[in-house]
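Take this structure, written in structure tokens, and hold onto it; I'll ask about it next.
Both ligands and their constituent atoms are indexed starting at 1 by order of listing. What you are looking at is a predicted structure, and each value in this text was computed from that prediction instead of being measured. All values below come from the heavy atoms of this structure, side chains included, with hydrogens, waters and symmetry mates left out.
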Amino acid sequence: MKLIDVVETFKTDDDCLAYLETMRWPDGIRCPLCGGSEISKITRKKLSKNKRTRIYQCLEPTCQQQFSATSGTIFNDSHLPLVKWLMAVALVVDAKKGISAKQLQEHLGIGSYRTAWYMAHRIRKSMEISVREPLTGIVEMDETYVGGRSHGPAGRGRSLKNKEVVIGMKQRNGEVRFFHAINASSATIAKFIKENISPSVEAVMTDEWNAYPKAMIEASIHGSKHKTIRHKSGIYVNGDITTNGIESAFSLLKRGILGQFHWISVEHLHRYLAEFEYRFNERNNPQRFQKTLNRMTTTAPMTYADLVR
Ligand SMILES: [Zn+2]
């Protein structure tokens, strides 16, 4: 769904809630607290500002929870009109190089930067993938450095010149994964390989960074399965051996971070990586707007205090 379709389809909060209800409860509305299906709709005599229009009451005597489609989800406690939330999702999922909180604030007429920033991070949070299958086939792997700025206490272990290490993997004709790493040592790289690449992988292709051979051995990617492209000699494609796939994904990430966000604090980098990774992997999915909203209705709340801690 493009922004124009969202604008034409969802005119009111009620429209949005009706839609979120069908996503969250395809088999009928249930109480998010006790799971009970005996519920009644609460009709408000007067609609006050910042209140959801479709509120339900659980009829289970020991529960009696009042809730809406957004209760207990990533939308929890937001006072922003849902129409703006949905427009923001449409903008974020289609912005190849990302869209900053400042841009969202301006495009959607959101009162404060902080509100727009908090919303953007909640959308990102719902894009984080927690359980994943090991990558197989041919996997390209590379590392890059992105600028970071820390709001944390001074003296915390910073990587090279205040740049943060991002490790990337891409299964050929498959998904991309980005990780914020503490460094690019062989031990760190081996840990990410073990967590993400199947030992039965056909081949892992990397550049000539000298941490890779040791990391592969540690991760049981044996001998000929590790193929190296020699960038120093100016050869970027050597037969089938290339890391161009992961490098183009990195390039999108870096252009986005430099172009839209200017700087990203170290504490939030993993969430931006989740966003870029998700958008890249869903780029050919025509249902990506719906899929994202669906994820948002199943993602637990993230309070502002949690976000800035
Ligand atoms: Zn209940």
Review point. Is any side-chain N of the basic residue among K291 and E282 closer than 4.0 Å to the acidic one's carboxylate O?
Key: yes

Review point. Taking C-beta and beyond as the side chain, do W117 and H268 meet within less than 4.5 Å on heavy atoms?
Key: yes

Review point. With side chains defined as the heavy atoms from C-beta onward, is the minimum distance between E175 and R177 less than 4.5 Å?
Key: yes

Review point. Under 6.0 Å from the six-membered ring centre of Y278 and within 45° of its axis: does the NZ or CZ of R124 meet both?
Key: no

**Study point:** Distance flag, aromatic centroids of F276 and F178, threshold under 6.0 Å
**Key:** no

Exercise for review: Could you name all protein N, O or S atoms found under 2.8 Å from the Zn ion (ligand 1)?
Suggested key: C31 SG, C34 SG, C58 SG, C63 SG

Point to revise | Hydrophobic cluster identity match, I99 and L80, side-chain contacts under 4.5 Å | key: yes

